[in-house]
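Since the model is a prediction, treat every value here as computed from it, not as a measurement.
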Amino acid sequence: MTYVSIADISPEMFVTVLLFLLVIAPLFSLSIMRFFQGKKKNGFILLGSGVGVYVVFQIIMSLFFSK
């Protein structure tokens, strides 16, 4: 069994990932719910905004936390 050490994760990175997960995950789940409700326009808007936030998250992580 292999254990993953999280000792190298800085508090800033942990808070950044936590905040973005609190935004990205609900956007994707709400978009799926809107698709099932038949509200395709709202679903695509939420899905697009989730992808947009994910892209911003990747840019922030590469700029501030790259070694």
- Query: Which pairs with one or both residues in residues 31-50 pass ring pair (Phe, Tyr, Trp, His ring centres under 6.0 Å), sequence neighbours excluded?
  - Reply: F35-F44

- Query: How would you list, by chain and number, every residue that makes a side chain to side chain contact (heavy atoms under 4.5 Å, CB included) with I59, sequence neighbours excluded?
  - Reply: V55, L63

- Item | Test side chain to side chain contact (heavy atoms under 4.5 Å, CB included) applied to I24 - qualifying residues, sequence neighbours left out | F20, F28, V53, Y54, F57

- Does I9 have any side chain to side chain contact (heavy atoms under 4.5 Å, CB included) partners at least two apart in sequence or in another chain, and if so, which? I6, M13, F14

- Message: Could you measure the distance from the CG atom of L19 to the CG atom of L21? Nearest 0.5 Å is fine.
- Response: 9.0 Å

- Of all pairs that satisfy side-chain hydrogen bond (donor to acceptor under 3.5 Å, both in side chains), the ones with a partner from residues 27-36, not counting sequence neighbours: R34-Q37

- Note on the structure: Rounded to the nearest 0.5 Å, the CE atom of M33 sits from the CG atom of N42 at a distance of 10.0 Å

- Going only through I, L, V, M, F, W and Y residues with side-chain contacts under 4.5 Å, is there a path from I45 to V23? no

